[in-house]
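Before any comments, here is the structure.
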Amino acid sequence: MRLYNTLGRTKQEFTPQHGNAVSMYVCGITAYDYCHIGHARSAVVFDVLVRYLRFKGYDVTFVRNFTDVDDKIIKRANEVGVPSQEIAEKFIGEFYVDMDALSVLRADVEPKCTEHIDEMITLTQGLIESGHAYATPSGDVYFKVRSFPDYGKLSGRNIEDLVSGARVDPGEEKLDPLDFALWKAAKPGEPSWESPWGLGRPGWHLECSAMSEKYMPLPLDIHGGGQDLSFPHHENEIAQSEAATGKEFAKFWVHNGFVQINSEKMSKSLGNFFTIRDILAKFLPETLRYFLLTMHYRSPLDFSFDSLEEAEKGVRRIYTALAQVDAALAGTKWSKTPLPQDILDEQAGYEQGFVDAFEDDLNSAAALGHLFGMVRLAGRILDDKGYRKAEAGRDLLVRIRAEVAKWSTVLGVFGLEPETFLASLKTCRAGRAGIEPAKVDALLADRLEARKNKDFARSDAIRDELAAMQVEVKDTPQGQAWDVL
RNA sequence: GGCGGCAUAGCCAAGUGGUAAGGCAGAGGUCUGCAAAACCUCCAUCCUCCGGUUCAAAUCCGGAUGCCGCCUCCA
């Protein structure tokens with residue numbers, strides 16, 4: 001497959017270095033708060049990448065870390081008045097709740113920073129010995145950026161450009177403003193560990209270098225993360241790891257685009273901030289996951305509840321079609337009517353298109369287009385009285401159903417029983433609209449009575465009343481049904 | 001100031017130099033007591049603007065305009 005590599009800024013053919021094995025490291029969360037929609041996007045994007053690589057038959061080792069000691073965690077802990085480790089553990093637990101809801105698979109290894117202090121100390125020591133880092137009198141250790149000539153190769157910056165933006169905070173003892181902390185001397189009230197430089201804790205960038213190398217050989221096949229991490233976090237990881245090992249750190253750098261609100265960055269200070277829970281209070285997890293896949297992973301994604309509602313309609317359309325296909329396949333009598341070749345060709349085209357889309361830089365948005373094509377084709381078969389009862393028509397529906405099932409394992413969407421999903425969706429939408437099902441049922445009973453008496457005026461009046469409640473009545477062969485308007 | 005990204009129909013959105021996927025909305029139709037739902041069909045001669053390269057450009061190059069991101073913690 002072709003993958004966009006930030007290192008080089010081009011799509012490149014992805015081939016694992018060692019046969020079938022793929023090593024992939026993705027920067028996980030800093031556990032200090034509930035996950036927001038941006039975390040959801042990153043998690044889903046890389047989840048789909050892992051699922052697709054496995055689908056292609058690769059043996060993927062996927063490592064995703066937890067940052068469980070960090071300034072933000074400590075700050076939060078101090079506000080609440082509990083140990084920082086307690087905050088980290090709580091939000092790691094909450095991370096799993098959200099990710100499980102979104103069908104994001106667990107990584108093979110999920111290392112925590114605090115469990116790899118020794119590795120980080122060893123790495124830092126090595127960097128000091130080789131002249132790439134230095135300790136200060138107060139017990140900090142900094143990486144000497146100018147000792148690493150390739151610094152800036154990922155983000156396309158050169159050292160001179162960076163000088164103007166760099167700054168030294170009061171109290172720092174950097175030899176050069178560009179240098180960044182590998183190890184921070186302990187301050188009162190902070191968690192700390194023994195080290196050759198006294199009590200302290202690791203800097204943020206260090207952990208990914210230490211943990212990725214521990215679990216996978218360098219160079220990594222793929223290193224991923226959000227676009228914002230490319231500088232300075234990933235740049236610093238490269239500097240640390242390559243300076244320490246002399247090996248290339250990662251072959252492919254994959255970065256997902258940001259989630260925006262009204263084309264602006266989401267941030268707590270702007271008040272345009274949505275957690276995964278905020279969204280799942282109103283929408284099904286599968287709707288959110290589908291929504292995230294309707295845009296290419298590198299594009300900025302503008303989030304709004306209106307777009308989510310649109311996505312919800314899309315998911316419903318697919319599941320509704322699948323339910324109808326399943327119902328038709330329950331039939332038993334089949335004719336010998338053949339299907340025209342162009343219909344078979346069309347289906348083959350969608351199947352190929354789906355693969356091609358994923359092969360071209362994980363283009364889930366294009367792939368979903370082909371899925372809709374298949375579903376439309378199924379609709380045409382079902383709509384044709386001859387085809388829907390023909391063996392050839394049945395075979396095509398079976399083929400479409402199998403294709404959807406196959407891709408649902410990659411997308412992590414459309415894998416449920418259609419009727420189960422549609423029932424959940426109805427409950428979800430009714431809840432959002434504030435509809436009381438008992439009240440609806442009572443009115444429907446009255447309407448049924450009126451219809452038995454052919455009192456259509458009364459029947460229609462009740463229908464209007466229900467419509468005012470956002471309830472839409474449908475008269476089906478099986479009787480009355482309702483849905484949310 | 002430095003680095004980078006994006007501009008495609010009413011809205012969302014894919015698009016790898018060869019003649020504009022898909023979704024939502026909208027219109028027509030089938031069905032229905034009438035509806036709704038569902039399904040079918042239709043819906044951009046054109047891709048922000050101006051130049052250029054090419055037999056051929058939404059796609060490549062140059063310029064303009066607008067929006068956004070990174071350079072400080074950030075998915």
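Here is the naming used below: chain letters follow the sequence lines, and residue numbers restart at 1 for every chain.
Taking only side-chain atoms of Met295(A), from C-beta outward, the nucleotide of A13(B), A75(B), C71(B) with the closest atom is A13(B). Comparing C71(B), G4(B), C12(B) by their closest approach to the side chain of Arg9(A) singles out G4(B). With C68(B), G33(B), C71(B) as the choices, the nucleotide that has an atom nearest any side-chain atom of Asp475(A) turns out to be G33(B). Relative to the side chain of Lys313(A), the nucleotides A75(B), C24(B), C68(B) differ in distance, and C24(B) lies closest. Side-chain proximity of Glu310(A) to the nucleotides C74(B), C24(B), A35(B) is greatest for C24(B). Closest to the side chain of Asp228(A), from the set A14(B), C74(B), G33(B), is C74(B). Ranking G15(B), C34(B), C24(B) by closeness to the Asn363(A) side chain, first place goes to G15(B).
When heavy atoms are screened at a 4.0 angstrom cut-off, Ser155(A) is found touching the sugar-phosphate backbone but no base atom. Residue contacts for Ser230(A): at a heavy-atom cut-off of 4.0 Å it reaches no nucleic acid atom on any strand shown. Residue contacts for Phe372(A): at a heavy-atom cut-off of 4.0 Å it reaches the sugar-phosphate backbone alone, with no base atom in range. When heavy atoms are screened at a 4.0 angstrom cut-off, His296(A) is found touching the sugar-phosphate backbone but no base atom. Residue contacts for Val259(A): at a heavy-atom cut-off of 4.0 Å it reaches a base atom on one of the strands shown. Within the 4.0 angstrom heavy-atom criterion, no nucleotide atom of any strand lies near Asp71(A). When heavy atoms are screened at a 4.0 angstrom cut-off, Gly38(A) is found touching base atoms of the nucleic acid. At a threshold of 4.0 angstrom between heavy atoms, the contacts of Lys72(A) are confined to the sugar-phosphate backbone, with no base atom among them.
Proximity of the aromatic rings of His223(A) and Phe252(A) is defined here by a centroid distance below 6.0 angstrom, and this criterion is not met.
In this structure, the salt bridge (charged side-chain N to carboxylate O under 4.0 Å, His left out) partners of Glu403(A), at least two apart in sequence or on a different chain, are Lys406(A). When the side chain to side chain contact (heavy atoms under 4.5 Å, CB included) test is applied to Met99(A), the partners found at least two apart in sequence or on another chain are Cys35(A), Ala43(A), Phe95(A), Val104(A), Ile276(A). Qualifying side chain to side chain contact (heavy atoms under 4.5 Å, CB included) partners for His370(A), counting only residues two or more places apart in sequence or in other chains: Tyr350(A), Phe354(A). The side chain to side chain contact (heavy atoms under 4.5 Å, CB included) check on His36(A) picks up His39(A), Met266(A), Phe273(A), with sequence neighbours excluded. Listed by chain and residue number, His255(A) satisfy the side chain to side chain donor-acceptor pair (under 3.5 Å) test with Thr6(A) (two or more places apart in sequence, or in another chain).
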Which letter, B, S or -, goes with each nucleotide of nucleotides 37-44 of chain B from 5' to 3', with contact meaning a protein heavy atom under 4.0 Å?
SSSSS---
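Applying the salt bridge (Lys or Arg N to Asp or Glu O under 4.0 Å) test to residues at least two apart or on different chains, the pairs with a partner in residues 25-36 of chain A are Asp33(A)-Arg76(A), Asp33(A)-Lys268(A). Pairs of residues two or more places apart, or lying in two chains, that qualify as side chain to side chain donor-acceptor pair (under 3.5 Å) and include a residue from residues 379-389 of chain A are Glu346(A)-Arg380(A).
Stacking between Phe258(A) and the base of A75(B) is present: ring centres sit under 5.5 Å apart and the planes differ by under 30 degrees.
Counting atom types as modelled, Gln227(A) pairs no side-chain N or O with a base atom of G69(B) as donor and acceptor under 3.5 Å.
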Working for side-chain hydrogen bond (donor to acceptor under 3.5 Å, both in side chains), residues Gln85(A) and Asp68(A):
CA-CA 7 Å; Gln85(A) 201 53 31; Asp68(A) 62 347; 3.3 Å; yes
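Ring orientation note: the planes of Phe143(A) and Phe148(A) are nearly perpendicular, at an angle over 60° on the 30°/60° scale.
Contact between the side-chain N/O atoms of Trp482(A) and the OP1/OP2 oxygens of A36(B) is not found at any separation under 4.0 Å.
Sorted by residue number, the list of members of residues 94-112 of chain A with any non-hydrogen atom under 4.0 Å from RNA chain B is empty.
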